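Everything on this sheet refers to the single structure shown next.
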2 protein chains.
Amino acid sequence: MIVDVHAHYTQAPPQLDAWRARQLYTQNKPAKAKLAISDEMIVASLQGNLREMRQRGITRMMFSPRASGMGHEFGGELVSRYWTETNNDLIARACKLLPDHFTPVMQLPQTPGLSPTNCLEEIDRCVTELGFVACNINPDVAAGGLPFTPSLGDEWWYPLWEKLVALDIPGMIHPSSTINPGLHLNGSHYLNWDTAAVVELCYSRVFEDFPALKLIIPHGGGAIPFQFNRQRGLHVLQGRKPFEEAIRPLYFDLAVYDADSMAMILKKIGADRLLYASEMFGTAQAIDPLTGKAFDDTVGMVREIPGITQAQQDMIFFGNAQRLYSRARW
Amino acid sequence: MIVDVHAHYTQAPPQLDAWRARQLYTQNKPAKAKLAISDEMIVASLQGNLREMRQRGITRMMFSPRASGMGHEFGGELVSRYWTETNNDLIARACKLLPDHFTPVMQLPQTPGLSPTNCLEEIDRCVTELGFVACNINPDVAAGGLPFTPSLGDEWWYPLWEKLVALDIPGMIHPSSTINPGLHLNGSHYLNWDTAAVVELCYSRVFEDFPALKLIIPHGGGAIPFQFNRQRGLHVLQGRKPFEEAIRPLYFDLAVYDADSMAMILKKIGADRLLYASEMFGTAQAIDPLTGKAFDDTVGMVREIPGITQAQQDMIFFGNAQRLYSRARW
């Protein structure tokens, strides 16, 4: 069994983004239109995923709405809420249509300047009514603009952590878009927030206050494995708990597309904290001219990490995921 | 000979920051006070650097004002100009007092919303009158706030690139502070802009339009070596020049404090593009409890990169620096 914990519905029929565009035209007067996507269209849109999953041996995907599309920076609370409900409903339908391959992960109706308490109702709805097993959490709600989002280490987030612990669902820290012209969505912005999230959480009391909290950092942790000793040095300099201890409660996905980087993250983070992910189809869907394979076709790359044991592979490919996503059916 | 290309005057006497604080109290009516720091105070403040340089075998430091102190986000153009002149004058004095050990690198009087043309006069003054050999360039002038700074790949920066080429001085891309509460100055903010700078420059025409431009990315390039194939995949996906070609004009410093990371950056970037740096005394000045040595005491770590040749060490320790910093006396 191989579980890919990081997949977005990037192949959704265009009716979804058309719905969103029309919503944004009238975001001053938000109304909730019906989404005109049939079951057949959903199933058809996922054939590419199913084909690649079969070919690569991926059994199941943790499946969430497109990250860049969450767009929490647009409009007020109702705009975010209606768009979120529409996306989550669509994910729920896709996962109900193909229950042997896709497990639903929600986006949240975050809104700039509002406490994450405004997300609790949607979390309850998705988990108890629709069978969702996890959520994505945007650490930069206004997309780099104002108001800034408090640090992930701040108590501002505690109502959300309480809810995740109460329902025993993990959260993946994943930003949406950015309005800063100096950043690139996939090239730097996502990685930057991966790095920032680890630093903020490791400096905080979050895991002392919520020892059962399960948070996942995507994209191999951004810069963290490569800059591991920089963080160690900062923790010593500031008299904090050793970084290598502070980072232990965090989970990381393996959505890096490089054998050297996989060897490094295994060494720095440890197999018991790693989750297989390819983010298919996303950033790395192109064919690598050096190998003739898709960059995100990485199952073999994990198997070939020098010195990796079968037990470590089992943890990375399914064992850790089964523990983390406790509400999922396998 | 060992050249450390990345050192800030973090040990400056407190009179410097006191000058700055008083300036900020009256930033609505900027005036240029005299800085009351004697030559003796400057020499005394640098004894720690000199001692560690002797012990570690570092011959020379490229020496610039404290990065977090540049604070371009404060006040208007005159505030930035007076503070910049005051800092650059102090660096010039330090390097004149200890010319065998320190070579001056300037900060720029960048100001949010203003074209970098406002920096050209100070660059001329520092290079032609004071013997400066390089500059630091803030890619995030308003410290994460508004107005956003254009992408480093944007033509907005071209007047600065023209000046650097005309004077044959390299620029190090180095942000100052951030006002975003979700980021940590040394832990994430600096690394994030390292990553962003590489992505923006590699997506741009900058090195086609300025083939003689010399830019340095500090801190080992942030996330870039670890996320190398992610960038390769994005370049293929978007039909751009291969990332491994696009990145070739850029130089990277070795201010990472980890043997594994040094091996990775040597493999991904190549010795002809790497410059030794420890950023002493900065982020990594604490003692590593695992080794009993300072994290930033990394000369030996470079020498011990598996498979590194003497020729590669010579490039990294001084050869590349001598080529890049063409105006320096050695």
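Side chains are part of it too, since the values below use all heavy atoms of this structure and drop only hydrogens, waters and symmetry mates. Only a predicted model underlies this, so the values are computations on that prediction, with no experimental measurement involved.
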Of the listed A/S261, A/A286, A/G145, the one with the largest count of heavy-atom pairs under 4.5 Å with chain B is A/S261
With a 4.5 Å cut-off on heavy-atom pairs, point out which of A/P225, A/P289, A/A284, A/P150 contacts chain B the most. A/P225
Take the angle between the ring planes of B/W161 and B/W157 and call it parallel below 30°, perpendicular above 60°, tilted in between.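 Aromatic pair B/W161/B/W157 classed parallel.
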Contact origin within B/A294 toward chain A - heavy atom pairs under 4.5 Å: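 No part of it gets close to chain A.
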Heavy-atom contact with chain A under 4.5 Å, split by part of B/F295: side chain
Less than 4.5 Å to any heavy atom of chain B: does that hold for the side chain of [X], its backbone, both, or neither?
X      : result
A/A263 : neither
A/T149 : backbone
A/H219 : both
A/L152 : neither
A/I179 : both

So if I take each residue of residues 228-239 of chain A and look for any heavy atom under 4.5 Å from a heavy atom in chain B, which residues do I end up with? A/F228, A/N229, A/R230, A/Q231, A/R232, A/G233, A/L234, A/V236, A/L237, A/Q238
Only one of A/T298, A/D4, A/D253 forms a side-chain hydrogen bond (donor to acceptor under 3.5 Å, both in side chains) with A/Y276, so which one is it?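 Among the candidates, only A/T298 passes.
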So which atom in B/P181 and which in A/F148 form the shortest heavy-atom distance, rounded to 0.1 Å?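 Where B/P181 meets A/F148 most closely, the heavy atoms are CD-CB, 3.4 Å.
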Within residues 190-209 of chain B, which residues come under 4.5 Å of chain A, heavy atom to heavy atom? B/Y190, B/L191, B/N192, B/W193, B/T195, B/A196, B/V199, B/E200, B/Y203
